[in-house]
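Structure, as structure tokens:
Here is how names work: the chains are called A, B, and so on, in the same order as the sequence lines, proteins then strands, and each is numbered from 1. Atom set for the values below is all heavy atoms of this structure, side chains included, hydrogens, waters and symmetry mates excluded.
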2 protein chains.
Amino acid sequence: MIPNASLHARVPVTIGAMESSSATSGGSTRREATRQKLYEAAVTLIAEQGFSATTVDEIAERAGVAKGTVYYNFASKSVLFEELLRHGVGLLTASLREAAERTAAEGGSKVDALDAMVRAGLVFIDRYPAFTQLYVAELWRTNRAWQSTLMVVRQEAVAVVEGVLREGVAAGEFSEEIDVQLTAAALVGMVLVAALDWKSFQPERSLDDVHAALSRLLQGRVSGKG
Amino acid sequence: MIPNASLHARVPVTIGAMESSSATSGGSTRREATRQKLYEAAVTLIAEQGFSATTVDEIAERAGVAKGTVYYNFASKSVLFEELLRHGVGLLTASLREAAERTAAEGGSKVDALDAMVRAGLVFIDRYPAFTQLYVAELWRTNRAWQSTLMVVRQEAVAVVEGVLREGVAAGEFSEEIDVQLTAAALVGMVLVAALDWKSFQPERSLDDVHAALSRLLQGRVSGKG
DNA sequence: CTTTTTGAACTGACTGGTCAGTGCAAAAAT
DNA sequence: ATTTTTGCACTGACCAGTCAGTTCAAAAAG
């Protein structure tokens, strides 16, 4: 119904946008733009409703595109989701790595690096809350088609944190008794849950504010009268 | 296919089992047992696949019960899920509260209370990993039928942590500058993610081991040579 | 006798995926 | 300069299958 209504409803949405590398094969701009719109639509819908509860029709409608276009651009609903996942976590990993390297270049300590990564995490979640939400919801599921993709991509991100932790231990800055793997997971969890709570229940607070609170916790400046 | 195979496959499963309070209305034991089986079946299936991807037929089959029985005991799939949620988080909240009170009764500090709650959290996740998984996956979603239930129940649990934090501040044990709400969320996240990682990737480790690692992090004994 | 469960058939709405066909801008032909 | 062709990107009606929820007579349990 209303056959002509959807054709020109192209609003330049930015929420959840994750501009993809135009480096790969100068493929037509038109197609890339369509894929982008589909990513944006899928990210928010799946974050809200979950993968199974989100229909391809919904995604197409939200993107202002016909259903067939979805299948012209992606082999299946799962593939669309998988590519979305890979792309998103790739951005996060790059951001974490950059934060660690920048800190090192500036001669900061490993705690400084950790702190910079906490901030990078917050910035990411601030920019892509829907993606983060969706990612958390899927991460610990088992027996799903994209599980391996999820694992690989998760490991890449956590490995950055683990790396800094290990370097800190080697440099004598951290206790040799810390459990690198578990501590990395705990730190990620700390930022993740705190940030999701921030976005869900206190969205008016500033990033700096939240960062300061987490910094304090990270550096053990909780006990004592401060 | 294989019509009779599933009927008598009643293994006394404990994973995800959450014996409900028999205190409320001495309702017939039989019915309660059936509901229990349905909870257990639903918890694992939904944890693996998500709510929408899990069919009522699957739940009934896994519980070793006819489909009609599901609808005799619960008004709908959503209601079954909602009651499951309420029940599970209720157990967690009670456990956290008990840990805090026990520590206080033993004359422990607020850090001790926090530590006891971390352990209680780990014990819970150790016992009900599937429930935890499912809960995390749903917690930050929006626009779902059971959202309000989820929120209420979440707040009850987090409030216990916040309470201890606040008492610690009042007693001068914690800095007055800590952000109670955010710190509580961060602590919960720390335990949650660390525990899920433990269960997913290093299930052979002992609870004490994991608890020790988190304790160290909690008390800021990470920096320095330990 | 009452409560609870069974089990199988049925409905109606919805969903992932398909496919023949359209629109259009650039290239080729004239 | 004008016409014709090409093929990419997109369209949307359609199909075959799936699922939540219903119904109900009969059996089991207590």
Take atom [atom1] of [X] and atom [atom2] of [N], then tell me their distance rounded to the nearest Å.
X       : N      : atom1 : atom2 : answer
A:Glu61 : C:dC14 : CD    : C1'   : 15 Å
B:Glu32 : C:dT4  : CD    : C1'   : 13 Å
B:Phe74 : D:dA20 : CZ    : P     : 16 Å
B:Leu80 : D:dG21 : CG    : P     : 10 Å
B:Leu45 : D:dC19 : CG    : P     : 13 Å
A:Arg31 : D:dT11 : CZ    : P     : 13 Å

Per-pair distances, 0.1 Å, donor-acceptor, side chain in residues 154-165 of chain A, under 3.5 Å, sequence neighbours excluded:
from     : atom 1 : to       : atom 2 : distance (Å)
A:Arg154 : NH1    : B:Asp197 : OD1    : 3.1
A:Arg154 : NH1    : B:Asp197 : OD2    : 2.6
A:Arg154 : NH2    : B:Asp197 : OD2    : 3.3
A:Glu162 : OE1    : A:Arg166 : NH2    : 3.4

Name the closest nucleotide to the A:Thr34 side chain, picking from D:dT11, D:dA9, C:dT6.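 Given the options D:dT11, D:dA9, C:dT6, the side chain of A:Thr34 is closest to D:dA9.
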So which nucleotide from C:dT4, D:dC10, C:dT6 ends up closest to the side chain of B:Tyr72?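 In terms of side-chain proximity for B:Tyr72, the closest of C:dT4, D:dC10, C:dT6 is C:dT4.
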Distances under 3.5 Å between protein N/O atoms and the N/O atoms of nucleotides 15-20 of chain C, please, pair by pair.
from   : atom 1 : to      : atom 2 : distance (Å)
C:dG16 : OP1    : A:Thr54 : O      : 3.4
C:dG16 : OP1    : A:Lys77 : NZ     : 2.8
C:dG16 : OP2    : A:Val56 : N      : 3.0
C:dG16 : N7     : A:Lys67 : NZ     : 2.7
C:dG17 : OP2    : A:Tyr71 : OH     : 2.8
C:dG17 : OP2    : A:Lys77 : N      : 3.2
C:dG17 : N7     : A:Lys67 : NZ     : 3.0
C:dG17 : O6     : A:Lys67 : NZ     : 2.8

Does anything in residues 71-91 of chain A pair up under salt bridge (charged side-chain N to carboxylate O under 4.0 Å, His left out), and if so which pairs, sequence neighbours excluded?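 Applying salt bridge (charged side-chain N to carboxylate O under 4.0 Å, His left out) to every pair that reaches into residues 71-91 of chain A, excluding sequence neighbours, yields A:Arg35-A:Glu83, A:Glu82-A:Arg86.
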B:Arg141: which residues meet the side-chain hydrogen bond (donor to acceptor under 3.5 Å, both in side chains) condition with it, sequence neighbours left out?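 Not a single residue meets the side-chain hydrogen bond (donor to acceptor under 3.5 Å, both in side chains) criterion with B:Arg141.
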Sequence neighbours left out, what pairs pass ring pair (Phe, Tyr, Trp, His ring centres under 6.0 Å) with at least one residue falling in residues 187-211 of chain A?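 Qualifying pairs: none.
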Does A:Thr69 have a side-chain nitrogen or oxygen under 4.0 Å from the phosphate oxygens OP1 or OP2 of D:dT11?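 For D:dT11, OP1 or OP2 has a side-chain N or O of A:Thr69 closer than 4.0 Å.
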In a table with atom names and distances, give each donor-acceptor pair under 3.5 Å that connects a side chain of residues 67-74 of chain B to protein atoms at least two apart or in another chain.
from    : atom 1 : to      : atom 2 : distance (Å)
B:Thr69 : OG1    : B:Ala66 : O      : 3.4
B:Asn73 : OD1    : B:Arg31 : NE     : 3.2
B:Asn73 : ND2    : B:Thr69 : O      : 2.9

Are any of the side-chain nitrogens in B:Arg97 or B:Glu101 under 4.0 Å away from the carboxylate oxygens of its partner?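 Result for this pair is no, no salt bridge flagged.
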